[in-house]
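Just so we're on the same page: letters track the sequence lines, and every chain starts at 1. Only heavy atoms go into these numbers, but all of them, side chains included; no hydrogens, no water, no symmetry mates. This one's a predicted model, so the numbers in the text were calculated from it and none came from an experiment.
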Amino acid sequence: MFIIRRSLLINPAFSWRGFCSPPINNKLFVGGLSWSVDEKSLKDAFSSYGEVTEVRIMYDKDTGRTRGFGFVHFSKADEAQCAKDAMDGKAFLGRPLRISFALDKVRGASVVVPRFSSVGDAAERDN
DNA sequence: GTTGAGCGTT
């Protein structure tokens, strides 16, 4: 019987570094970026491992410089996993990269007020 | 001319 649950072995969701990694998605968190790294630089670097659909680097509104981290969106989660496994820990523009799967956060998702339309429980004051 | 772990609209 060499039949093993190969599904769990080939399944990336069960072969992370232990179990301290977030769920897999096509969004990658790229940290440890150099201060001179641009979105096009990251996209050009990650486009070799997959189809990059979106690249977002966080800039500082005060200094206008990069915060040193960004996000890379891939067309497929498999490409993102490949790019992560390939670029994670590697040096980029003189600084080691810290790549990780991004959290399922979206703009507006952090603060959302569920308003019930059928709530007549004294919640409607000036509707 | 600076700094260095992180998780999103600068």
If you look only at distance, which donor and acceptor atoms sit under 3.5 Å apart when one is on a side chain in residues 62-76 of chain A and the other is two or more places apart or in another chain?
from	atom 1	to	atom 2	distance (Å)
A:Thr63	OG1	A:Asp60	OD2	3.3
A:Thr63	OG1	A:Arg65	N	3.3
A:Thr66	OG1	A:Trp35	O	3.3
A:Arg67	NE	A:Tyr59	O	3.4

Discussion item. Please compare A:Glu39 and A:Arg95 by the position of their nearest nucleotide in DNA chain B and report the one closer to 5'.
Written reply: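 Checking each residue's closest nucleotide, the 5'-ward one belongs to A:Arg95.
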Worksheet item: 5'-most contact on DNA chain B: A:Asp60 or A:Ala102, nearest heavy atom basis?
Response: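 Its nucleotide being nearer the 5' end, the pick is A:Ala102.
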Looking only at heavy atoms, which two atoms of [X] and [Y] are closest? And how far apart?
X       : Y       : value
A:Ala45 : A:Met87 : CB-CE, 4.4 Å
A:Ile57 : A:Val37 : CD1-O, 3.8 Å
A:Ala83 : A:Ile99 : O-CD1, 4.3 Å
A:Phe92 : A:Ser41 : CZ-O, 3.7 Å
A:Leu28 : A:Ala80 : CD2-O, 3.3 Å

Item to complete: Taking only the side-chain nitrogens and oxygens of A:Arg98, find out if one of them lies under 4.0 Å from OP1 or OP2 of B:dG6.
Response: yes
To the nearest Å, give me how far apart [atom1] ([X]) and [atom2] ([N]) are.
X       : N     : atom1 : atom2 : answer
A:Arg56 : B:dT9 : CZ    : P     : 9 Å
A:His73 : B:dG8 : NE2   : P     : 12 Å
A:Phe69 : B:dT3 : CZ    : C1'   : 14 Å
A:Leu42 : B:dC7 : CG    : P     : 18 Å
A:Asp62 : B:dT9 : CG    : P     : 14 Å
A:Leu97 : B:dG4 : CG    : P     : 18 Å
A:Ile99 : B:dG4 : CD1   : P     : 22 Å

Worksheet entry | A:Lys84 vs A:Phe101 side-chain heavy atoms within contact, under 4.5 Å |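 A side-chain contact under 4.5 Å exists here.
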Practice prompt. Could you tell me whether A:Ser100 contacts a base, only the sugar-phosphate backbone, or nothing, with contacts defined as non-hydrogen atoms closer than 4.0 Å?
Written response: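 Base contact.
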Item to complete: Could you check which residues of residues 26-35 of chain A get a heavy atom under 4.0 Å from DNA chain B? Sort them by number, please.
Response: A:Lys27, A:Phe29, A:Gly32, A:Leu33, A:Ser34, A:Trp35
Response to the item:
Among the nucleotides B:dT2, B:dG6, B:dG4, whichever has the atom closest to the side chain of A:Arg65 is B:dT2
